[in-house]
Amino acid sequence: NFGLNAVPAVELLKEQLRLFLELVRGGQADLTRSKIPFSVLVTGFAVNQSTLTDEHEETLAELADTLLDEPALEIDMLVGRASQTGSESNNVSLSEARARAVLDELTALSVYPPPPVVGLGWSEPIVEMPGEESDLNRSVEVRLWYDLAYHFAAVEGSASGDTHDVDVETHERAWEK
């Protein structure tokens, strides 16, 4: 996960991707997988609430812009979570409602296709805090994939997967828009 706070999380995602592409250019990245996982954590939902805050909306708008600017990056899944307090059945419903709120906002921001949504309740917490509230656990994880095949075919103009001619500077300019 990239960041403990929702707003910097998108900036950290961009930085992680930039660093990864530098490794690709240098022939140092593991390219045995065609998709590289990343995630952005949208944290700080109010207790027993799934309503998005202004900060959440700002983060999701920045993420939507990033996704629209970077077609090799796609959302795999939205994973809602809840604190390790209250009943598990309530927390599963609440965490799914949080993930759906994020989905609705991303859809309103023209992010398509809509990714699957899952509510984990407290079953896979970000931090273990049984019986306590946690902003990190009251969250939605936006799981992303960076598609290397798309990157090489569309961004670099080569579907061969040859890492020796990767032009990271061209790619970085797309992030700076």
Side-chain angles (χ1 to χ4, degrees), residues 1-20 33-148 150 174-175 177:
N1 295 316
F2 299 95
L4 302 179
N5 182 326
V7 175
V10 176
E11 289 303 315
L12 288 167
L13 168 67
K14 291 177 185 180
E15 179 64 12
Q16 291 291 325
L17 186 55
R18 186 190 67 73
L19 292 172
F20 172 74
R33 297 182 293 176
S34 64
K35 293 187 176 185
I36 307 300
F38 290 92
S39 66
V40 170
L41 196 59
V42 181
T43 63
F45 283 85
V47 175
N48 290 321
Q49 298 295 314
S50 61
T51 306
L52 297 177
T53 65
D54 290 344
E55 185 177 327
H56 294 146
E57 290 174 358
E58 179 183 332
T59 298
L60 295 172
E62 186 177 354
L63 179 59
D65 288 345
T66 300
L67 289 164
L68 293 171
D69 287 345
E70 181 49 70
L73 192 62
E74 60 190 57
I75 298 177
D76 175 52
M77 176 183 300
L78 301 174
V79 180
R81 290 189 173 82
S83 290
Q84 295 174 292
T85 61
S87 72
E88 177 60 7
S89 62
N90 181 61
N91 280 326
V92 168
S93 298
L94 178 59
S95 62
E96 185 174 332
R98 288 174 176 158
R100 290 206 178 282
V102 168
L103 174 66
D104 291 346
E105 183 68 14
L106 289 171
T107 301
L109 294 167
S110 301
V111 175
Y112 294 101
V117 169
V118 64
L120 296 178
W122 64 27
S123 65
E124 293 182 28
I126 300 297
V127 294
E128 286 287 339
M129 296 184 70
E132 296 183 37
E133 289 296 328
S134 167
D135 282 354
L136 292 176
N137 290 337
R138 292 192 314 268
S139 62
V140 174
E141 179 185 3
V142 181
R143 292 184 181 172
L144 303 146
W145 289 111
Y146 188 82
D147 188 333
L148 285 171
Y150 187 97
W175 282 109
K177 289 182 184 178

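Computed from heavy atoms alone, side chains included, the values below leave out hydrogens, waters and symmetry copies.
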Any residue meeting side chain to side chain contact (heavy atoms under 4.5 Å, CB included) with Asn48, in chain and number order, not counting sequence neighbours: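 If we apply the side chain to side chain contact (heavy atoms under 4.5 Å, CB included) test to Asn48, skipping adjacent residues, the hits are Asn90, Leu94.
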Which residues pass the side chain to side chain contact (heavy atoms under 4.5 Å, CB included) test with Glu88, not counting sequence neighbours?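 Side chain to side chain contact (heavy atoms under 4.5 Å, CB included) list for Glu88, sorted by chain: Asn91, Val92, Trp122, Ser123.
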List the atom pairs, with distances to 0.1 Å, where a side-chain N or O of residues 98-106 and a protein N or O form a donor-acceptor pair under 3.5 Å, not counting sequence neighbours.
residue, atom, partner, partner atom, Å
Arg98, NE, Gln49, O, 2.8
Arg98, NH1, Arg81, O, 3.0
Arg98, NH2, Ala46, O, 3.0
Arg98, NH2, Gln49, O, 3.2
Arg100, NE, Glu96, OE2, 3.3
Arg100, NH2, Glu96, OE2, 3.4

I'd like to check the side chain to side chain donor-acceptor pair (under 3.5 Å) partners of Ser83; sequence neighbours left out, ordered by chain and number.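 Ser83: side chain to side chain donor-acceptor pair (under 3.5 Å) contacts with Glu133.
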Who passes side chain to side chain donor-acceptor pair (under 3.5 Å) against Ser50, sequence neighbours left out?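 Ser50: no side chain to side chain donor-acceptor pair (under 3.5 Å) contacts found.
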Thinking salt bridges, do Glu74 and Lys35 make one under a 4.0 Å N-O criterion?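 A salt bridge links Glu74 with Lys35.
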Please tell me whether His56 and Thr53 have a donor and an acceptor in their side chains that are separated by less than 3.5 angstrom.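 The criterion, which ignores hydrogens and geometry beyond distance, is satisfied for Thr53 and His56.
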Check whether Ser95 reaches the backbone of Gly121 with its side chain - one donor and one acceptor, N or O, closer than 3.5 Å.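 Such a contact is found between Ser95 side chain and Gly121 backbone.
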Main-chain N/O of Val127 paired to Asn137 side chain as donor or acceptor, under 3.5 Å: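 Present.
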Please examine the side chains of [Y] and [X], heavy atoms only from C-beta on, and report whether any two atoms are closer than 4.5 Å.
| X | Y | answer |
| --- | --- | --- |
| Lys14 | Glu11 | yes |
| Thr43 | Arg138 | no |
| Val140 | Val117 | no |

Let me confirm one number: the [atom1]-[atom2] distance from [X] to [Y], rounded to the nearest 0.5 Å.
| X | Y | atom1 | atom2 | answer |
| --- | --- | --- | --- | --- |
| Glu141 | Asp76 | CD | CG | 10.0 Å |
| Phe38 | Trp145 | CZ | CH2 | 10.5 Å |
| Thr59 | Leu41 | OG1 | CG | 10.5 Å |
| Leu68 | Tyr112 | CG | OH | 10.5 Å |
| Leu60 | Asp65 | CG | CG | 11.0 Å |
| Leu63 | Leu13 | CG | CG | 7.0 Å |

Taking side-chain contact (heavy atoms from CB on, under 4.5 Å) as the criterion, tell me which of Val42, Val118, Val142 meets it with Leu78.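 The residue from Val42, Val118, Val142 that satisfies side-chain contact (heavy atoms from CB on, under 4.5 Å) with Leu78 turns out to be Val142.
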Nearest heavy-atom pair of Thr51 and Phe45: which atoms, and what distance?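 Looking at all heavy atoms of both residues, the closest pair is O-CD2, 3.8 Å.
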If I compare all heavy atoms of Leu136 with all of Ile126, which pair ends up nearest, and what's the gap?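 Nearest heavy atoms, Leu136 then Ile126: O-CG1, 3.5 Å.
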Report the C-alpha distance between Arg18 and Glu15 in whole Å, list the side-chain angles of each, state the deciding distance to 0.1 Å, and finish with yes or no for side-chain contact (heavy atoms from CB on, under 4.5 Å). CA-CA 5 Å; Arg18 186 190 67 73; Glu15 179 64 12; 2.6 Å; yes
I need the full list of salt bridge (Lys or Arg N to Asp or Glu O under 4.0 Å) pairs touching residues 109-126, with sequence neighbours left out, sorted by first then second residue.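 Not a single pair qualifies under salt bridge (Lys or Arg N to Asp or Glu O under 4.0 Å).
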Begin from the C-alpha positions of Leu67 and Leu144 and carry the test side-chain contact (heavy atoms from CB on, under 4.5 Å) through to its verdict. CA-CA 10 Å; Leu67 289 164; Leu144 303 146; 3.9 Å; yes
